[in-house]
Amino acid sequence: MADNYLEKRMEDYARGRLGTKSSSSKRSGLKYPHQQVLVCGGDRSDTAEELVRKLAAAGCTVCFTAADANRGSSLAQNCGARFYPVAVAAIAVDLNKRGEHIDTVVLINPASIKEAIDETSVMEPRQWLVVSDTPVEIPQGYLCSSITGRTPRATAVLALALIHPAVEDGSVRL
């Protein structure tokens, strides 16, 4: 009987149903709601890696793509994110099988914002966020936000704030 109890407790702990909130949540007093985020281009800049780490630390389920499989696997192992070395269409199929839904798609330094949004629209996210090393212009008719940051940490913190569910079209709704 004790074995069954311990097995159940370990399973609950592994699934995140037990334990305490992260230390960063305790310090700031800010509660960040769970979201599932896809970061496209997780190895395209230091900002991308910092963003994947910050999102995972905030309690988001983070999926990301990376061109460099070794670097992607290493990042996933270090921060608890899910690395996908496949195309977006295959990611959508896998998420569908898992019964999961992407809330936000973050595009890191996309070659074409329009093409990147069109490619990821199959996931029907609530929003898109473009994070770029240089200023970008969002194509007309596409509802997404963009950030051009100076430091990886500051950009990642700002991105974390912008993808919060209370932020809609650049304004906060309470």
K.L.:
Let me check something: do Ile91 and Val105 share a hydrophobic cluster, defined by ILVMFWY side-chain heavy atoms less than 4.5 Å apart, either directly or through other members?
P.N.:
yes
K.L.:
Does atom CD of Glu100 have more than 12 heavy-atom neighbours, drawn from other residues, nucleotides or ligands, at distances under 6.0 Å?
P.N.:
yes
K.L.:
What distance do Leu95 atom CG and Leu38 atom CG have between them, rounded to the nearest 0.5 Å?
P.N.:
7.5 Å
K.L.:
Determine, using the 4.5 Å side-chain heavy-atom cutoff (strictly less than), whether Val122 and Val86 are members of one ILVMFWY cluster.
P.N.:
yes
K.L.:
Nearest 0.5 Å please: distance from the CD atom of Gln127 over to the CD1 atom of Ile163.
P.N.:
6.5 Å
K.L.:
Can you tell me which residue among Val131, Leu160, Asp46, Leu51 is in a side chain to side chain contact (heavy atoms under 4.5 Å, CB included) with Thr155?
P.N.:
Val131
K.L.:
Kindly check if the number of other-residue, nucleotide or ligand heavy atoms within 6.0 Å of CZ (Arg153) is above 12?
P.N.:
no
K.L.:
So which atom in Leu129 and which in Ala159 form the shortest heavy-atom distance, rounded to 0.1 Å?
P.N.:
CD2-CB, 3.7 Å
K.L.:
To the nearest 0.5 angstrom, please state how far the CG atom of Leu55 sits from the OG1 atom of Thr104.
P.N.:
8.5 Å
K.L.:
Are Tyr84 and Val62 connected, step by step, through hydrophobic side chains (Ile, Leu, Val, Met, Phe, Trp, Tyr) whose heavy atoms are closer than 4.5 Å?
P.N.:
no
K.L.:
What is the distance from atom CH2 of Trp128 to atom OG of Ser121, rounded to the nearest 0.5 Å?
P.N.:
5.5 Å
K.L.:
Quick one: does Asp103's side chain have a donor or acceptor within less than 3.5 Å of a partner on Arg126's backbone?
P.N.:
no
K.L.:
Which value, rounded to the nearest 0.5 Å, describes the distance between Cys144 atom SG and Leu162 atom CG?
P.N.:
11.5 Å
K.L.:
So do the side chains of Thr151 and Glu50 get within less than 4.5 Å of each other, counting heavy atoms only?
P.N.:
no
K.L.:
Kindly say whether Ala48 contributes a backbone atom to a donor-acceptor pair with the side chain of Ser45 at under 3.5 angstrom?
P.N.:
yes
K.L.:
Using the ring of each side chain (for Trp, its six-membered ring), is Tyr32 parallel, tilted or perpendicular to His164, with breaks at 30° and 60°?
P.N.:
perpendicular
K.L.:
Can you confirm whether Arg44 sits close enough to Asp133 that some side-chain heavy atom of one is under 4.5 Å from a side-chain heavy atom of the other?
P.N.:
no
K.L.:
A side-chain contact here means heavy atoms from C-beta on lying under 4.5 Å apart; do Arg71 and Leu75 qualify?
P.N.:
no
K.L.:
Can a donor-acceptor pair be found, under 3.5 Å and without considering hydrogens, that links the side chain of Ser74 to the backbone of Asn70?
P.N.:
no
K.L.:
What's the spacing between Leu107 CG and Glu119 CD if we round to 0.5 Å?
P.N.:
9.0 Å
K.L.:
Show the nearest heavy-atom pair for residues Gly59 and His34, with the distance to one decimal.
P.N.:
O-CD2, 3.2 Å
K.L.:
Between the side chain of His101 and the main-chain N/O of Gln36, is any donor-acceptor distance below 3.5 Å?
P.N.:
no
